[in-house]
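Presented below is the structure to which this report refers.
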Amino acid sequence: MLVRDEVKNIITKACESAVNANKLENTGLPEIRIEYPKEERFGDYASSFALESAKLLRKSPIEIGNTMKEFIEGSKIIEKVEVVKPGFINIFLSTDFLHQCLMNIRKEADQYGKFDKKNPERINIEFVSANPTGPLNVVSARAAAVGDTIANLLEAAGNTVDREYYINDHGNQVYLLGKSVLARYRELSGEEVEFPEQGYQGEYIKEIAEECGKYSDEINTIADEDELIDFFAAKAIEHNVAGQKNDLESFNINYRTFFSEKTLHRNGDVESTLALLEEKGMIYEEEGKKIFRSTDFGDDKDRVVVREDGRPTYLLADIAYHKNKIDRGYDRLIDIWGPDHHGYIARLKGAIQAMGHPEDKLKILIVQQVNLLMQGEIKKMSKRLGKFSLMKDLIGDIGTDVARYFFIMRTMDSHLDFDIELAKRESSENPVFYLQYAHARICSIFREAEKRGFKYNPEKSSTEHLNNPETISLMKLMVRFPEDIYDAAEKAEPHRIASYLLKLAQKYHKFYTEHRVLSDDSVMTNTYLALCEGVKIILKNGLHLLGISAPESM
RNA sequence: GCGCCAGUAGCUCAGCUGGAUAGAGCAACGGCCUUCUAAGCCGUGGGUCAGAGGUUCGAAUCCUCUCUGGCGUGCCA
């Protein structure tokens with residue numbers, strides 16, 4: 001159980017006891033809420049219960065707090081309870097308890113911070129899903145870092161999580177892609193061709209065309225122009241998706257499924273989805289089009305799902321895709337989208353409801369855009385014009401660790417100004433190195449201990465040596481690690497982990513400069529080594545959650 | 001017009017389910033290595049929380065309006 005919840009239970013019980021002893025009136029008192037005080041001198045956990053209930057009880061918050069205090073004191077885990085100024089009840093954990101927690105962290109090791117859930121949810125999280133019309137850019141990299149980290153967090157929170165990537169290998173963009181490659185292919189064989197007006201102009205299109213040279217025999221047998229375009233489109237998609245997979249793998253992401261949109265059209269899922277919506281009375285016809293009543297679910301207007309010529313729109317395929325995911329047995333779906341798709345939320349969530357599922361079956365997270373700065377100026381990106389910064393180049397320039405950390409350290413709904421030059425230049429004093437350095441430092445101490453022939457035995461550690469400000473402050477933060485994971489998973493806010501680890505590294509570095517770990521006093525050495533081991537475990541687990549390596553030396 | 005996101009230190013950003021004196025990193029300046037990694041630590045300076053009202057014991061946080069920037073508002077995907 002989270003220490004936070006234990007504290008909550010203690011205060012809740014204290015409240016009940018006070019009521020039973022007629023010290024407090026039972027007048028529909030609010031639920032106890034536990035918060036983290038802003039400053040350490042206000043304790044480790046605090047409750048504003050007395051402030052909240054003052055009016056109801058017609059007593060001063062201080063008076064209520066003092067009454068509560070009597071019933072809270074005496075718990076093994078609590079060292080002291082303070083009732084202060086406006087009426088906060090501040091709780092201080094005991095050093096003995098913290099020592100126990102430390103031993104527990106060592107015992108749990110890799111598992112520390114993870115939860116067992118009685119009934120784990122099966123969650124599908126879909127992210128990046130960039131069009132297969134080119135390589136991944138830095139905007140996709142942000143979604144990749146965020147999505148994968150949220151997946152990690154949900155796993156740590158005890159769920160079964162599958163990462164999924166939707167390949168939009170159907171529709172106009174694909175047609176245009178095929179046309180573009182075909183044009184380049186013809187150019188290569190010396191033909192004078194007009195490049196498609198809206199075509200993809202990137203250099204990589206030429207490379208694909210070149211590669212297609214090896215299929216020349218096959219290509220020569222295709223007479224129909226559309227068939228030819230299809231052929232080149234298929235080859236281009238194959239090439240692009242392979243490249244995207246490569247980039248994602250080097251970003252430490254392992255997808256379980258790459259799902260092709262084309263299969264939905266081929267296996268009848270699109271039609272059966274339409275049939276289902278019609279059956280539910282959610283579709284009406286107008287001027288030969290079939291239209292989904294998305295306004296029933298708060299959308300601005302109803303949406304066309306089948307065009308006049310009978311072709312389904314992207315929306316219908318997407319509804320079919322989400323139905324497919326639900327049919328595969330997932331309890332919950334999460335989509336991560338760019339800001340340019342936010343207008344799409346209402347209609348898709350509406351469709352989920354129209355098919356008879358609860359509104360929160362699907363959660364859509366919007367990751368805000370990345371502005372790429374070059375010499376302080378925003379660089380405009382356009383995939384169609386082939387002007388964009390590649391994810392591959394980013395990884396090559398600053399590395400996966402730094403890139404992932406940069407994308408995760410901010411909240412996902414803030415627009416991110418990403419200055420690659422700065423990220424490269426600062427790479428030696430980057431926050432991520434600060435975390436990794438703390439880990440490497442600890443590893444180094446253990447190597448040194450071994451070199452000196454010290455026999456590390458954490459059972460011989462003692463609370464006595466933990467009674468100093470740096471150590472206590474460090475342990476209090478260590479205890480909060482599972483709580484932060486819980487909150488970060490619950491709220492889908494991965495940046496919380498980055499902040500947490502930064503604070504932990506700070507406190508560790510502070511401890512390190514104030515205290516010598518290896519000394520002649522073997523009890524003290526064992527105690528400090530146990531503390532170091534605990535920090536090391538958390539740093540490693542935390543960095544792992546972010547998809548970042550924890551080096552043994554730097 | 002409507003919708004979404006943002007506006008907090010010189011810069012990049014935390015803090016936002018209302019709580020205690022508004023924080024961090026970077027940049028600037030000044031200290032700390034005979035001893036486990038100085039990729040570290042300590043200290044100093046730096047704020048009209050975009051603005052105006054409102055709600056209450058209490059507002060950066062909630063409500064309304066205004067201003068600024070970005071994005072969206074396809075039978076594209």
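Proteins get letters first, then strands, A, B, ... in listed order; numbering begins at 1 in each.
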Sugar-phosphate, base or nothing in reach of A/Arg452, heavy atoms under 4.0 Å: sugar-phosphate
Touch class at under 4.0 angstrom, heavy-atom based, for A/Lys491 against every strand present: base
Candidates B/G18, B/A77, B/G40 - which lies nearest the side chain of A/Arg33: B/G18
Rounded distance (Å) that lies between atom P of B/U37 and atom CG of A/Leu518: 8 Å
Candidate nucleotides B/C71, B/G40, B/G15, ranked by approach to the side chain of A/Tyr434 - the nearest: B/G40
Nearest listed nucleotide, side chain of A/Asn90, among B/A20, B/C76, B/G19: B/A20
Sugar-phosphate, base or nothing in reach of A/Val84, heavy atoms under 4.0 Å: base
Proximal nucleotide (of B/A24, B/U37, B/A77) relative to the A/Glu261 side chain: B/A77
ring centroid sep under 5.5 Å plus plane angle under 30, A/Phe88 with B/A20: yes
Sugar-phosphate only, base, or nothing, as touched by A/Ala317 at under 4.0 Å among non-hydrogen atoms: nothing
Rounded interatomic separation in angstrom, taking CD from A/Glu490 and P from B/U17: 15 Å
Nucleotide B/U35, atom P - distance to NZ of A/Lys451 in whole Å: 14 Å
side-chain contact (heavy atoms from CB on, under 4.5 Å) partner of A/Tyr166, the single match among A/Tyr321, A/Phe127, A/Phe258: A/Tyr321
Sugar-phosphate only, base, or nothing, as touched by A/Pro37 at under 4.0 Å among non-hydrogen atoms: base
Side-chain donor/acceptor of A/His495 to base of B/A14, under 3.5 Å: no
Sugar-phosphate only, base, or nothing, as touched by A/His515 at under 4.0 Å among non-hydrogen atoms: base
A/Tyr405 OH to B/C13 C1', straight-line distance once rounded to whole Å: 12 Å
A/Tyr512 ring over B/G40 six-membered base ring, under 5.5 Å and 30°: no
Nearest-nucleotide comparison on RNA chain B, the residue closer to the 5′ end among A/Ser414 and A/Asp340: A/Ser414
Sugar-phosphate, base or nothing in reach of A/Ser444, heavy atoms under 4.0 Å: base
Rounded distance (nearest 0.5 Å) linking atom CZ of A/Phe433 with atom CE of A/Met554: 6.0 Å
Heavy atoms of other groups near A/Glu448 CD, more than 12 under 6.0 Å: yes
Other residues, nucleotides, ligands: >12 heavy atoms within 6.0 Å of A/Arg307 CZ: yes
Out of B/G19, B/C5, B/C76, whichever nucleotide has its closest atom nearest the side chain of A/Gln173: B/C76
Base of B/C41 paired with side chain of A/His509 (donor-acceptor, under 3.5 Å): no
Identified side-chain contact (heavy atoms from CB on, under 4.5 Å) partner of A/Val535 from the options A/Ile537, A/Leu539, A/Ile538: A/Leu539
Side chains of residues 28-35 of chain A: which donor-acceptor partners sit under 3.5 Å, not counting sequence neighbours?
unit_1	atom_1	unit_2	atom_2	d
A/Glu31	OE2	A/Lys8	NZ	2.7
A/Arg33	NH2	A/Glu52	OE2	2.7
A/Glu35	OE1	A/Ser48	OG	3.4

Sugar-phosphate only, base, or nothing, as touched by A/Pro86 at under 4.0 Å among non-hydrogen atoms: nothing
Sugar-phosphate, base or nothing in reach of A/Ile345, heavy atoms under 4.0 Å: nothing
Gap between atoms CD1 and P, on A/Ile366 and B/C4 respectively (whole Å): 12 Å
Sugar-phosphate only, base, or nothing, as touched by A/His341 at under 4.0 Å among non-hydrogen atoms: base
Touch class at under 4.0 angstrom, heavy-atom based, for A/Ser519 against every strand present: nothing
Integer-rounded Å distance: B/G18 P and A/Leu51 CG: 13 Å
Rounded distance in Å - CZ (A/Phe433) to C1' (B/G25): 15 Å
Over-ring placement of A/Arg4 relative to A/Tyr45, 6.0 Å and 45° cut-offs: no
Closest-nucleotide 5' rank along RNA chain B - winner of A/Lys301 and A/Lys38: A/Lys38
Residue-phosphate contact under 4.0 Å: A/Gln369 side-chain N/O, B/A6 OP1/OP2: no
Sole residue of A/Lys325, A/Lys349, A/Lys363 in salt bridge (charged side-chain N to carboxylate O under 4.0 Å, His left out) with A/Asp335: A/Lys325
Sugar-phosphate, base or nothing in reach of A/Tyr344, heavy atoms under 4.0 Å: base
Below 4.0 Å: OP1/OP2 of B/A38 and any side-chain N or O of A/Arg441: yes
Sugar-phosphate, base or nothing in reach of A/Gln436, heavy atoms under 4.0 Å: nothing
Consecutive-pair stems (3 or more, Watson-Crick or G-U, under 3.5 Å) for RNA chain B: B:1-7 with B:67-73, B:10-13 with B:23-26, B:28-32 with B:40-44, B:50-54 with B:62-66
